[in-house]
Amino acid sequence: MNRNYVLLFLFSLLLTASGLASLPPIDRDESRFVQATKQMVETGDYVDIRFQDMSRYQKPVGIYWLQSASVALSGEGAAAPIWVYRLVSALGIAIAVVAIAWTGASLFGANAGLAAGLIMAAIFATAFEGRDAKTDAMLLACCVAAQGALARIYTASRRNEPVAAHLWWIFWVAQGIAILIKGPIAPLLSALTVAALFAFERDGRWLKNLKVGRGLLTVLLIALPWLALITWKSHGAFLQQAVGKDMLGKVASGEESHGIPPGFYVLTYSLFMWPFGLIAVGAGLQALNRLRDDPRLRFCLAWYIPFWLVFELIPTKLPHYVMPAYPGMALLVGWLLTLQPEDANAPLKRWQSWLWWSTAFGLGLVSIGLAVVSVGAPIYLAKAFSWWSIPAALAALVTGYLAFPRRLQVPLPRIGAIAAGAGVTLGLLFGMIAPSLKPIWLSPAIKAAVDANRPCDTTVLASAPYHEPSLVFLVGTKTILTDVDGVAGHLLGDPACALGLAPVADEKKLSDMLAAQGKTANRLAEIDGLNYSSGDRLSLGLYRVAK
């Protein structure tokens, strides 16, 4: 195996290791995913997807299977901690990093592949998604594998060289797995890439090397069995919810309160491509100027631009939606390394210079912002200074400085230094500083209070109005999400063992309900903090019926 691939794989895992265990379950998406996986392990039903008693049909089953496998290998069973679930995402990013290096080596040479891999391992988007136990990291791995195979098929065909027999198989297997993970995203990315190339070249003869007939059969063999089973088991509800509501709803209108006008991904680019956003923009602008001369550049730009444009036009927007396009930009940074300095640093056009300097402003803003957050978040939220803030802030500023090049072509050692600086910054931010912000981590505090005051092994908690999925994951699948009336009813229904969580401000109301049945409420603990999902400051009491 190529030494670069081994080093990149280990480097990626190292960069995502900090925070895997120390960062509490994140609301709301991550906690929904891991709780649904946990229920699969508890029930042994690996076909249906549920969150407590509700169906969860927004996404297919692939990520739940992978997380279930991680849980099984851990030997922890349903009690597995959050890091076991997150290992799948860390592995997904590592696979994507190796796959982009494999693609870059094929297109532009080994150093270009190494540069692209370092970039994908270190940017903010992959640093976050590698620590987040949901679909997007493993989807990225599938997208890069599919696009890498497609790139090799395309360039070999353009050079009239034989196409390796395994490439079509990699392409279609990656598509099938990607469909089981997040539906049509990977096929859409490849279709847009092919459509853009065809629109530019008016020549699709190379597509015969994809072996579309056999490929589609491969995809059906991977994805159809579960789709058929879940359609039968849910009486069609999966397709209705996943396709009719989730996918088409996001295309037609802003779903999940994330409806945003076009331009969102332009504004967030500097953060989610930090610290390599400026370097990638410079490479992309030089590639645009040579688009007609090099089919490899056409492929990379066809990878990024159409996918980005489509998602800018879709009303529903979340930052990670465009992450499958970022590898196309990383490849262009590697390409720029292959040019002579005078060619790589050729003057840009006026509008290109304006765009470059605008991105430079974004780089500076994000670098300073990360430093400020590193220092200010513990002081503002936890009312305490964290000594980890100093190296994190310094690393953010130094990394930002290194990522602001005097010339468009950035040498490979400097790319490595920038990647290492980003790894230190984000490792400290996600692994040390964020977990120390105790007031925002209400669910772990509630779990600790429940564990300290649990009267019975069979104790079930009823919670109002705090209904975050992380509470269900940490405290137990049987946790009841209700209102204050429901908490009172739960306590009265099992006075010996039940626990209830309710706002301290509603303690009199709760006590009056219990008093009507001849019972009194005993407050066992008080948990104060900020629900970051809703922005509400909460003071919650943990109650049981007094003996």
Side-chain angles (χ1 to χ4, degrees), residues 16-39 41-42 51-52 67 71 74 76-87 89-90 128 131-134 377-378 380-384 386 388 427-455 459-481 487 499-504 523-544:
T16 53
S18 176
L20 283 183
S22 60
L23 195 66
I26 301 170
D27 287 307
R28 293 181 172 120
D29 278 355
E30 179 184 54
S31 294
R32 288 169 176 157
F33 275 103
V34 296
Q35 175 59 29
T37 300
K38 181 179 179 180
Q39 289 181 220
V41 175
E42 289 174 338
F51 181 91
Q52 293 191 305
Q67 290 178 356
V71 169
S74 75
E76 299 277 354
I82 187 64
W83 67 265
V84 173
Y85 298 82
R86 288 174 174 161
L87 282 177
S89 293
F128 180 81
R131 296 170 168 89
D132 197 14
K134 52 190 185 67
Y380 177 73
L381 292 171
K383 310 303 180 187
S386 171
W388 292 111
L428 291 174
L429 188 60
F430 291 129
M432 304 303 297
I433 296 172
S436 73
L437 306 178
K438 301 300 182 184
I440 71 171
W441 305 117
L442 282 168
S443 292
I446 294 167
K447 172 180 166 53
V450 169
D451 289 345
N453 296 281
R454 186 185 299 273
T459 290
V460 172
L461 175 73
S463 176
Y466 185 72
H467 292 170
E468 296 304 330
S470 59
L471 182 67
V472 179
F473 175 73
L474 290 174
V475 177
T477 300
K478 294 181 180 179
T479 300
I480 300 168
L481 306 179
V487 171
L499 290 176
L501 189 73
V504 172
R523 190 202 302 171
L524 305 173
E526 183 175 339
I527 303 100
D528 299 324
L530 172 69
N531 182 357
Y532 58 85
S533 294
S534 63
D536 298 328
R537 290 197 172 273
L538 298 174
S539 181
L540 301 169
L542 181 67
Y543 300 93
R544 68 170 295 193

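Excluded from the calculations below are hydrogen atoms, water molecules and symmetry mates; all remaining heavy atoms, backbone and side chain alike, are included.
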In Å, rounded to the nearest 0.5 Å, how long is the span from NZ of Lys438 to CG of Leu381? 13.0 Å
Any pair counted as side chain to side chain donor-acceptor pair (under 3.5 Å), so long as it reaches residues 469-480, sequence neighbours left out: Asp27-Ser470, Gln35-Thr477, Glu42-Thr477, Ser443-Ser470
Could you tell me whether the side chain of Gln52 reaches within less than 4.5 Å of the side chain of Leu481, counting heavy atoms only? yes
How long is the span from the CD atom in Glu468 to the OG atom in Ser31, to the nearest 0.5 Å? 8.5 Å
Testing Pro444, Pro469, Pro24 for side-chain contact (heavy atoms from CB on, under 4.5 Å) with Leu474, which one passes? Pro444
Is any side-chain heavy atom of Ser539 less than 4.5 Å from a side-chain heavy atom of Glu526? yes
If we ignore hydrogens and angles and just use 3.5 Å, is the side chain of Arg454 paired with the main-chain N or O of Leu499 as donor and acceptor? no
Quick one: are Phe33 and Asp132 in side-chain contact, heavy atoms under 4.5 Å? no
By side-chain contact (heavy atoms from CB on, under 4.5 Å), Leu23 pairs with (sequence neighbours left out) Ile26, Arg86, Ala434, Pro435, Trp441
Any residue meeting side-chain hydrogen bond (donor to acceptor under 3.5 Å, both in side chains) with Ser74, in chain and number order, not counting sequence neighbours: none
Considering only heavy atoms from C-beta outward, does the side chain of Leu542 approach that of Ile446 to under 4.5 Å? no
Does any non-hydrogen side-chain atom of Tyr85 lie less than 4.5 Å from one of Glu30? no
Side-chain contact, heavy-atom cut-off 4.5 Å: Ile527 with Tyr466? no
In Å and rounded to the nearest 0.5 Å, what is the NE2 to CD1 distance from His467 to Ile480? 10.5 Å
How many angstroms lie between CG in Leu530 and CG in Leu538, if you round to the nearest 0.5 Å? 8.0 Å
